[in-house]
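In what follows, a single structure is set out as structure tokens and then discussed.
All values derive from a computational prediction rather than experimental measurement. Atom set for the values below is all heavy atoms of this structure, side chains included, hydrogens, waters and symmetry mates excluded. Here is how names work: the chains are called A, B, and so on, in the same order as the sequence lines, proteins then strands, and each is numbered from 1.
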Amino acid sequence: MNALDLALYSNYALYSAMAVLALAMLAYAGYLAGLMPARSERREHEKESALLSTREREEALVGASAGPTGSVESSGERVVASDDAGSSATSGRALDEGVSVGTRKLGGIAGSLAWLGTILLAVSVALRGLSVSRAPLGNMFEFAVVACLFVMLAFSLWSTRRDLRWLGLFVVTPVLLVLGVALVSWYTEAAELMPSLQSYWLVIHVTVAVIAIAIFFIGAVTGILYLAQDKVEQSGRTSFLNHFPGSKALERLTYGLHVVAFPLWTFTLIAGAIWARQAWASYWNWDPKEVWSFVIWVVYAAYLHARVTSGWSKQRATYIALAGFVCILINYGVVNLFFVSQHSYSGL
Amino acid sequence: MATTSEHNDLAAPGADDGPTPSGGTPVQPTLGLVGWLRFLWRQLTSMRTALFLLLILAVAAVPGSVFPQRNIDPTRTTDWIADRPTLGPVLDRFGLFDVYSTPWFASIYLLLFISLVGCVLPRARVHLRAMRQPPPRTPARLERLTAYRRLEVPDEQVEGTLDALEKSLRRRRFRVHRHQPGTLSAEGGYLKETGNLLFHLALIGVIVGVAVGHLWGWKGDAIVPEGQSFAKTRFDTFAPGPWVDDESVPPFTLRVDRFHAEFEREVTGAGQFGMPRDFTAYVTATENGVSYEDEIKVNHPLEVDGATVFLLGNGYAPVITVRDADGEILYSGATPFLPQDNNYQSVGAIKVAAADPGLGFHGWFLPTAVITAEDGPQSVFPDALQPALALTAYEGELFPDGRPQSVFRLNTDEMTQLSDAEGTDAARLWIELGETVEIPGGRGTITFESLDRFAGLSVRHDPGRWLTLGAALLALGGLLLTLLVPRRRVFARVGGTGPEGRTVVTIAAMAKADDTGLDSLLDAVHDDLDPALVGQGSRAEKDEGR
Ligand code: HEM
């Protein structure tokens, strides 16, 4: 197979991945729709388990504290709750409480489709890399596809550890959107790299950046769901969100994701500076791309600060995290295309 | 109770210093100068101020990406301001074209770092003290802590259980202390706070490294056509830091023997045709009288004599000869033209000072020239496939008042443009490689002899970069510690009798912030205990609970 064939097959794999992900999106949407009619039963369940304090219920839903409990003698509310956590987190019962079998099946199918889409994306990226004999990170199109791959990979791998069917729609839909835009507006022919990108730092710096962005993205999604869940809980409305982890658990999840992504982004900045010194003679030039990477870093640092600053609510802190993700979008979408920058690798 | 004299002593009004508790009219505390300073210091070093300063720093950095910056692209900045005669100077007044060296930007990050020092140093003191002190006493009611377990151990095994617990916790790097018999306190994860302090202090190291680079670093740029050499006396621009003394710039010379450039020809699809693929400058360096050959590529700078030479740009330097009407050579040499776009459409000027009156040409060099009806002459590919010069000619004073000027532009303030043969239009000279063309007005000829390339080289020295890098890596290490290490306390207390000769030992754990790992910690500690000690019954029941 020659390079052109490989690039062509890479594109076929990409189209197939998009088709499969579109099906996954529909299945996830169907799953969420299936959560709706069950709300009355859900309410009942809520009342029954009023014994459980909010906190414990959330733990049960997150399943984070899942584990065996102490001796039976210590039977108090707490231990009952923990037992609940232990069983429900593994079987996913808490999320599916009162949900029809069909809906549950749909959720499972969606998960499998997401896996298939992820694998097809990986194949596409691998073929693209082979066709150009380099890491496929040389232009905006390639960067976007790899970013989508990492998002899907992170989501799929994570979903083997815990039930993430509730999150699926909110991850797969934006991924599809980005893939679509990448194909339509940013498509760049497979080819060699320009001299400023011919460095192993490309692989180090950009791969870590993409992983960080993928995790920041999932963090932004859970952040938005947290804010929505918080509203729902305060108003006491019924919503499919009733089947989601509680607001406190979602907030903790959001924080956890950012805690993973922030050091990765810090590393991205350091690696970028080292590379900038090699390629452009100075480790920091205040080039627009660097400015925005710095702004992103500072905003997320502010988020981590806000979370522990007295007088700042978790909600307000989460808005800062979302602002951080908006900066990522600006850095990628606006800076690449409209600003005069040394990072002129968009290929457009 | 609260007398006036007491209030005078109250120098620092914190947030809690509200009205006096004694009733009656609240007496406003009077702040002396020291009081105010302390008040301001406390405000400045609060978490909330740090948060606001961080957010302001983020916002303040943005304009530098929107407006062209003088230190990055001076030409574009000048053009941008010239295009906006009203807005430009106003923005300039506020430093929006030098954002990162303006006083307002500096004051934000300096305040932030002062706040950081004021915040971190007291915390470091507290942390040091905490590390020397034993963990706190065991609370009375362990059932109130976030996670707890009740073990039933045979009466005679109580002490052994505590010992085993202590061993298990110490293995997990907890510090353990028994304040009273029958209790145990342990604390672990001091590294979390250590990491946090390390992170914040290392950020100061980063700033110091940057400052060192600014003060003692220097950079020199030169445009060097093939076959020519340059040394520190021949930089086109030289920008030393304020504390650089000239002696510290090494006296090496560097010759560019050949420059190789390659552009994409095969892939003709979107976004790739004509993209650069390889730039290599083959050079001969001479330091301390010793010469050697080497090459410089975009990602492979050359270390020479304590400085680093980078390849930052390249372009074409047409070799041009200008003769007067008698055939006498007035000007001859490789003349660099500055590329303006991806197809290397380049601007440049030829200044023939030996002519009388002075003779100047300026215009375009086009490596692959075509002339189309709509766009006129332009270059369609970056490589030199069909090179041509498109020039206009001037005569008059080349260097009015001897002011410095760009080598790529002609200052035509005191020059007049030469007209074509009919004397109606400005003369346009189109010269292809190897051609000789008459200069209008009987001023002689101009020849495009051959085509060289030039390398845009930059020599840099930054003595602060290792400090910056080291500090940045330390900060990353500290960050990982502070984010990943959990700070936890574990307590145990003997109390209450269980069934038939067994005693209840309660173990419990708590953390400063949300910590979802406490249960598994207790499980792990529990699993470390010898089943013989804790008793089979307890374990069996534990399994049932699963
Ligand atoms: C250059 C500016 C600063 C940056 C980039 C920065 C960044 C960070 C980051 C990323 C964290 C997260 C670590 C964690 O969550 O434990 C953090 C924590 C912290 N920072 Fe800063 N910081 C800065 C300045 C300051 C200042 C001025 C203060 C004091 C007023 C401060 C006080 C703290 C404290 C107390 C924590 C620990 C929060 C906790 O308990 O988890 N920082 N900082």
Nearest 0.5 Å, what's the CZ-CG distance between A:F262 and B:L480?
11.0 Å

B:V62 versus A:W292: any side-chain heavy-atom pair under 4.5 Å?
yes

For A:I274, which atoms come within 4.5 Å of any heavy atom of chain B: side chain, backbone, both, or neither?
side chain

Engaged part of B:V504 at the chain A interface, taking heavy atoms whose separation is under 4.5 Å
neither

Contact class of B:R460 relative to chain A, heavy atoms under 4.5 angstrom
side chain

Taking atom NE2 as the centre, does B:H214 end up with more than 12 heavy-atom neighbours from other residues, nucleotides or ligands that are less than 6.0 angstrom away?
no

Single hit among A:V295, A:I330, A:V291 for side chain to side chain contact (heavy atoms under 4.5 Å, CB included) with B:S65:
A:V291

Side chain, backbone, both or neither of A:I320 within contact of chain B (heavy atoms, under 4.5 Å):
side chain

Does the side chain of B:M47 reach to within under 4.5 Å of the side chain of A:S310, using non-hydrogen atoms?
no

How about CG on B:N342, more than 12 heavy atoms from neighbouring residues, nucleotides or ligands closer than 6.0 Å, or not?
no

Looking at every non-hydrogen atom in both residues, tell me the closest pair between A:F294 and B:L57 and how far apart they are.
CZ-CD2, 3.8 Å

Classify the ring geometry of B:F52 against A:W312: parallel below 30°, tilted from 30° to 60°, perpendicular beyond 60°.
perpendicular

Non-hydrogen atoms of B:L51 and A:A302 that approach each other most closely:
CD1-O, 3.3 Å

Please report the shortest heavy-atom distance between B:A472 and A:I270, naming the atom on each side.
O-CD1, 3.4 Å

Is any side-chain heavy atom of B:N299 less than 4.5 Å from a side-chain heavy atom of A:W275?
yes

Which atoms of B:I507 come close to chain A, meaning under 4.5 Å heavy atom to heavy atom: side chain ones, backbone ones, both, or neither?
neither

In this structure, OG1 of A:T309 is separated from CG of B:L54 (nearest 0.5 Å) by 9.5 Å

Gap separating the CD atom of A:Q278 from the OG1 atom of B:T308, nearest 0.5 angstrom:
10.5 Å

I'd like to know whether NZ of B:K219 has more than 12 heavy-atom contacts from other residues, nucleotides or ligands below 6.0 angstrom.
no

Cut-off 4.5 Å, heavy atoms of chain A, and the answer for B:T468 is side chain

What residue in A:G311, A:S199, A:C327 has the most heavy-atom pairs under 4.5 Å with chain B?
A:S199

Taking the side chain as C-beta and beyond, is there a heavy-atom pair between A:Y283 and B:D462 under 4.5 Å?
yes

Value rounded to 0.5 Å, distance of CZ in B:F105 from CH2 in A:W286:
4.5 Å

Give the minimum heavy-atom separation between A:P263 and B:L476, together with the two atoms involved.
O-CD1, 3.6 Å

Max heavy-atom pairs within cutoff under 4.5 Å with chain A, candidates B:F263, B:F279, B:F310, goes to B:F310

Count the heavy-atom pairs under 4.5 Å between each of B:V206, B:L484, B:V210 and chain A, then report the option with the highest count.
B:V210

